[in-house]
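Here's the structure we're looking at; comments come further down.
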Amino acid sequence: MKRKRTDYFKLKVEGASNYFSAIIVIFTLMALCIFCMEAYQEVSTTLSIQTCMRKYLYYMESTGCLTSSRKVLLEQELLELGMADISFQGTDFEPVGYNQLASLVICGKVPVNSIIGFRGDGFLRGEKMEYRKFSKKITAKY
């Protein structure tokens with residue numbers, strides 16, 4: 001069986017379109033991976049602040065309040081995580097009664113990495129600070 005010349009060229013064109021589709025899918029998956037990595041950086045900062053908060057909440061559960069010495073330690077840990085302009089307005093510094101809610105409220109600016117532009121060899125990144133409020137409550141059992 002002899003192939004016609006036009007059939008040969010049709011096969012080549014169809015094969016090229018399959019490669020082109022595969023390349024588009026690969027670039028789309030790469031863009032999705034880059035987006036996920038960017039989103040994870042912001043989530044990991046928030047999670048590390050909440051983990052730090054949880055540690056001091058368990059202390060507040062056993063004492064009923066956040067003491068001044070623990071407040072200083074918490075503030076140092078938050079500064080190490082990159083927070084700025086930290087305030088504890090709304091936090092219980094006086095002991096609450098047994099089985100009452102003790103609250104820990106942290107307000108401050110959290111660093112967020114963002115893409116601000118594109119240069120020929122990669123992304124231009126800028127770090128901006130976003131104001132966030134973290135609030136947790138726990139029942140005092142001391």
Side-chain angles (χ1 to χ4, degrees), residues 3-142:
R3 284 192 187 176
K4 293 181 182 177
R5 202 174 207 176
T6 55
D7 290 341
Y8 177 73
F9 287 119
K10 281 183 183 177
L11 288 175
K12 273 192 162 183
V13 170
E14 288 174 5
S17 68
N18 287 337
Y19 287 125
F20 184 69
S21 298
I23 290 172
I24 289 175
V25 169
I26 288 171
F27 280 123
T28 305
L29 289 175
M30 285 175 43
L32 182 65
C33 287
I34 291 170
F35 173 76
C36 289
M37 288 188 295
E38 291 294 322
Y40 176 73
Q41 284 180 342
E42 186 174 337
V43 170
S44 68
T45 303
T46 303
L47 286 176
S48 58
I49 291 171
Q50 289 178 349
T51 303
C52 182
M53 253 178 97
R54 191 175 304 120
K55 182 171 67 171
Y56 287 92
L57 271 172
Y58 291 139
Y59 175 76
M60 288 176 70
E61 181 182 29
S62 62
T63 60
C65 67
L66 184 66
T67 61
S68 59
S69 61
R70 292 289 178 161
K71 177 188 171 193
V72 171
L73 291 173
L74 174 60
E75 193 168 7
Q76 286 175 352
E77 286 186 33
L78 292 174
L79 287 172
E80 288 174 7
L81 292 174
M83 258 184 110
D85 299 334
I86 302 168
S87 73
F88 295 99
Q89 189 173 8
T91 302
D92 292 321
F93 293 111
E94 298 295 323
V96 297
Y98 176 78
N99 217 15
Q100 298 293 320
L101 289 177
S103 62
L104 176 61
V105 181
I106 299 173
C107 302
K109 293 184 178 178
V110 178
V112 177
N113 290 330
S114 62
I115 298 173
I116 58 173
F118 184 75
R119 196 172 48 198
D121 59 344
F123 293 109
L124 296 174
R125 299 189 182 279
E127 192 170 288
K128 62 180 182 177
M129 301 292 275
E130 287 186 359
Y131 182 79
R132 299 251 175 102
K133 181 178 181 178
F134 300 95
S135 177
K136 299 274 184 188
K137 293 185 178 189
I138 198 162
T139 305
K141 297 181 179 168
Y142 61 96

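On a predicted model such as this, the values are computed, not experimentally measured, just so you know.
Separating the CG atom in Leu104 from the CD atom in Glu61 is a distance of 13.0 Å, to the nearest 0.5 Å. Considering CZ of Arg54 and CG of Leu47, their distance stands at 8.5 Å, rounded to 0.5 Å. Atom CG of residue Leu78 and atom CG of residue Leu73 lie 11.0 Å apart, to the nearest 0.5 angstrom.
Residues satisfying the side-chain contact (heavy atoms from CB on, under 4.5 Å) test with Arg132, not counting sequence neighbours, are Glu42, Thr46, Val110, Val112, Glu130, Phe134.
Residues Phe93 and Leu66 approach most closely at CD2-O, 3.2 Å, considering heavy atoms. In terms of heavy-atom proximity, Ser103 sits nearest to Asp92 at N-OD2, 2.8 Å. The two residues Ala140 and Gly64 come nearest to each other via the heavy atoms CB-CA, 4.0 Å. In this structure, Arg70 and Tyr56 approach most closely via the heavy-atom pair O-CE2, 3.6 Å. Here the closest non-hydrogen pair linking Met129 and Ala84 is CE-CB, 3.7 Å. When all heavy atoms are compared, the tightest approach of Leu74 to Cys52 is CD1-SG, 3.6 Å.
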Legend entry - Worked check of side-chain contact (heavy atoms from CB on, under 4.5 Å) between Phe88 and Val105: CA-CA 6 Å; Phe88 295 99; Val105 181; over 6 Å; no
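Counting heavy atoms from C-beta on, the side chains of Glu94 and Cys65 never come closer than 4.5 Å.
Heavy-atom neighbours of Tyr131 OH from other residues, nucleotides or ligands within 6.0 Å: above the threshold of 12.
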